[in-house]
Number of protein chains: 2
Amino acid sequence: MSAADQIFAMLRESSQSGAPLYLQLRRSIEEAVNRGLIGPGDALPSERDIASKADISRVTVRKAVQDLVKGGILVQRHGSGTFVAPRMERVEQSLSRLTSFTEDMARRGMNVRSVWLDRGLYAPSPDEMMVLGLSSTELVARVARLRIANDTPLAIERAALSASVLPDPEAIGSSLYAALGTTGNRPVRAVQRISATNLGDADARLLEVPPGVAGLQIERISYLASGKVIEFTRSVYRGDAYDFVAELRLTGPGEEIRP
Amino acid sequence: MSAADQIFAMLRESSQSGAPLYLQLRRSIEEAVNRGLIGPGDALPSERDIASKADISRVTVRKAVQDLVKGGILVQRHGSGTFVAPRMERVEQSLSRLTSFTEDMARRGMNVRSVWLDRGLYAPSPDEMMVLGLSSTELVARVARLRIANDTPLAIERAALSASVLPDPEAIGSSLYAALGTTGNRPVRAVQRISATNLGDADARLLEVPPGVAGLQIERISYLASGKVIEFTRSVYRGDAYDFVAELRLTGPGEEIRP
DNA sequence: AAGTGGTCTAGACCACGCG
DNA sequence: GCGTGGTCTAGACCACTTC
């Protein structure tokens, strides 16, 4: 009995449950993956094969499979087939220290590179005017990068700075902060806001995941020692590849704590 | 021209783009919402109406609408209709202080309550044995709560503690930490790991969101002053309702920073 | 009872990949 | 060329809400 046939066996067992067919099928496939009957990289039968063997329509098979693709369990390659998604080892990043993406990854023995998505001077958006304290006649420097580790895209970083501190975005080498440091504009403090979002089409394509999977959305505002805002960065991280780690402390004795 | 008709106008304009029909329709609806032509709470035409007016099949309409539901733009109520999702004001939570959910929300003037999902003593899972340092003959106390603010479910918290520090989980009042404090077992420090995930059916139902929307998954390990692990909590937060805020600092002078 | 979303079907054509 | 996933159709029945 082939591994994939286990799926059909489980399906038959659940066939009197009254649950929708696509749910029964979805659970059967999920079970087969969780039990290791089919492992990462293995191919599933084609949608048409599943449909005919399980005696359900291809539309219904697709609904089950699509759900699992969006959940990151399966991956589909147009013209090629449907496969169990490779297990992704997650990367941890500290939430209490300003660290370098490049160095962070290098310390983990990962091969890192970036792709420029955008570098230039623009008229500021209302958001940027507010946060960076720009007037509508000033310009904003935007730099956007796709961060890649071991050939896996991990994050999209879109930074905005006043053009007065970064008049020539094209001149940045591999490090934005190094460029800022040469003019004494290196941030010493930042505040980050983290939330979850379903990735849109554009971001999903860049990060090589199906649209709709969960991602971490991060807004960072960086400050100079003087307290002036220097940088406003909006980033999107792959939810399946990233863990952010934070340490919580009691700030004083006698503090009330009831989580 | 009714507000909803704007959708069809936009659809006709994009009809020569060559893009898939469901994408054209999805974008038209998204645009109408973003431009405020239809606001939160407003009803969309029924799937059948959209299908006939736009001269496409209902299956295709459903694909477009489903995508927007999973993205949190629309909500559907079985038997009632499809509506623009109400704008959710996000709640911010600090990532550097151990704070109380109840107090945090009360400070914001929100009405808070919890629903117990589980309270009891169990044989520990391998995870729990590892983290809490239990042997397989010891028991683990599990307490799980659904956190609700202003009648909106915000989070599911599932805590695990050694039964030796919480022998009677049923005896907890509204505050786990208060119960721990009476025996001198109140944590003073915690480490959190944050990631993003698509919510599964069970969690999505509890949080009253459609399955598959993005949520924040948080693992917290809490420590006593002695350094002993006291609590292991796995939580799931609604991604559309929560922002976690962290402050980053340079830990010392001369530190390398190149994000 | 009428209208809504939820599920399901059988069949079609297109776009992509692989040998 | 052949098999794969990607899109689309027209029609059906069920389950739920609302009147």
Side-chain angles (χ1 to χ4, degrees), chain A residues 4 11 14-29 38 41-70 73-85 201 204-205 208-212, chain B residues 4 11 14-29 38 41-70 73-85 201 204-205 208-212:
Chain A
L11 232 188
S14 70
S15 61
Q16 295 143 17
S17 68
L21 279 178
Y22 78 94
L23 273 183
Q24 294 179 34
L25 176 57
R26 196 178 88 188
R27 287 183 188 130
S28 298
I29 297 174
I38 41 181
D42 290 357
L44 258 67
S46 79
E47 294 176 349
R48 286 168 181 82
D49 283 359
I50 295 177
S52 72
K53 279 209 196 181
D55 203 36
I56 55 186
S57 88
R58 191 184 151 206
V59 176
T60 304
V61 173
R62 268 186 77 76
K63 173 135 180 79
V65 171
Q66 290 289 323
D67 281 1
L68 294 172
V69 168
K70 290 206 191 102
I73 313 289
L74 303 177
V75 291
Q76 289 188 302
R77 285 197 286 277
H78 192 169
S80 175
T82 303
F83 308 85
V84 179
D201 290 349
R205 193 164 46 251
E208 294 176 12
V209 294
Chain B
L11 231 188
S14 70
S15 63
Q16 295 144 15
S17 68
L21 278 178
Y22 79 93
L23 272 184
Q24 295 179 33
L25 176 57
R26 197 177 88 190
R27 286 183 190 131
S28 298
I29 298 174
I38 42 182
D42 290 357
L44 257 70
S46 79
E47 295 176 348
R48 287 167 181 82
D49 283 359
I50 296 177
S52 73
K53 279 208 197 180
D55 203 38
I56 56 187
S57 89
R58 192 182 151 207
V59 177
T60 304
V61 173
R62 269 185 75 76
K63 173 134 178 83
V65 171
Q66 290 289 321
D67 281 2
L68 294 172
V69 168
K70 290 206 191 102
I73 314 289
L74 303 177
V75 291
Q76 288 187 302
R77 285 198 286 277
H78 192 167
S80 174
T82 303
F83 308 84
V84 178
D201 290 349
R205 192 163 48 252
E208 295 177 10
V209 294

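The chains referred to below are lettered A, B, ... by the order of the sequence lines, with proteins before strands, and numbering in each begins at 1.
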remark   = In this structure, OG of A/Ser15 is separated from CD1 of A/Ile56 (nearest 0.5 Å) by 11.5 Å
key: Gap separating the CG atom of A/Asp55 from the CG atom of A/Leu21, nearest 0.5 angstrom   = 9.5 Å
key: Steps toward side-chain contact (heavy atoms from CB on, under 4.5 Å) verdict (B/Ser17, B/Gln24)   = CA-CA 8 Å; B/Ser17 68; B/Gln24 295 179 33; 3.6 Å; yes
query = So, do A/Val75 and A/Thr82 sit near enough that their side-chain heavy atoms are less than 4.5 Å apart?
reply = no
task = With a 4.0 Å heavy-atom cut-off, tell me which residues in residues 42-49 of chain A come close to DNA chain D, sorted by residue number.
result = A/Ser46, A/Glu47, A/Arg48
query = Which value, rounded to the nearest 0.5 Å, describes the distance between B/Leu11 atom CG and B/Lys53 atom NZ?
reply = 12.5 Å
B/Arg62 side, atom CZ; B/Asp67 side, atom CG - distance, nearest 0.5 Å = 11.5 Å
task = Quick one: pull up CG in B/Leu74 and CD in B/Gln66 and give me the separation to the nearest 0.5 Å.
result = 10.0 Å
task = Working to the nearest 0.5 Å, report the span between CD1 of A/Ile29 and CD1 of A/Ile50.
result = 5.0 Å
request  = Just do the side-chain hydrogen bond (donor to acceptor under 3.5 Å, both in side chains) check on B/Glu47 and B/Gln76 with the steps written out, would you?
outcome  = CA-CA 11 Å; B/Glu47 295 176 348; B/Gln76 288 187 302; 3.1 Å; yes
Filtered N/O pairs between nucleotides 17-19 of chain D and protein, under 3.5 Å:
residue: D/dT17; atom: O4'; partner: B/Gly79; partner atom: O; Å: 3.4

key: Closest non-hydrogen atom pair, A/Tyr22 against A/Ala64   = O-CB, 3.4 Å
request  = Tell me, please, the opening and closing nucleotides of DNA chain C, 5' to 3', among those with an atom under 4.0 angstrom from a non-hydrogen atom of chain B.
outcome  = C/dG3 to C/dT7
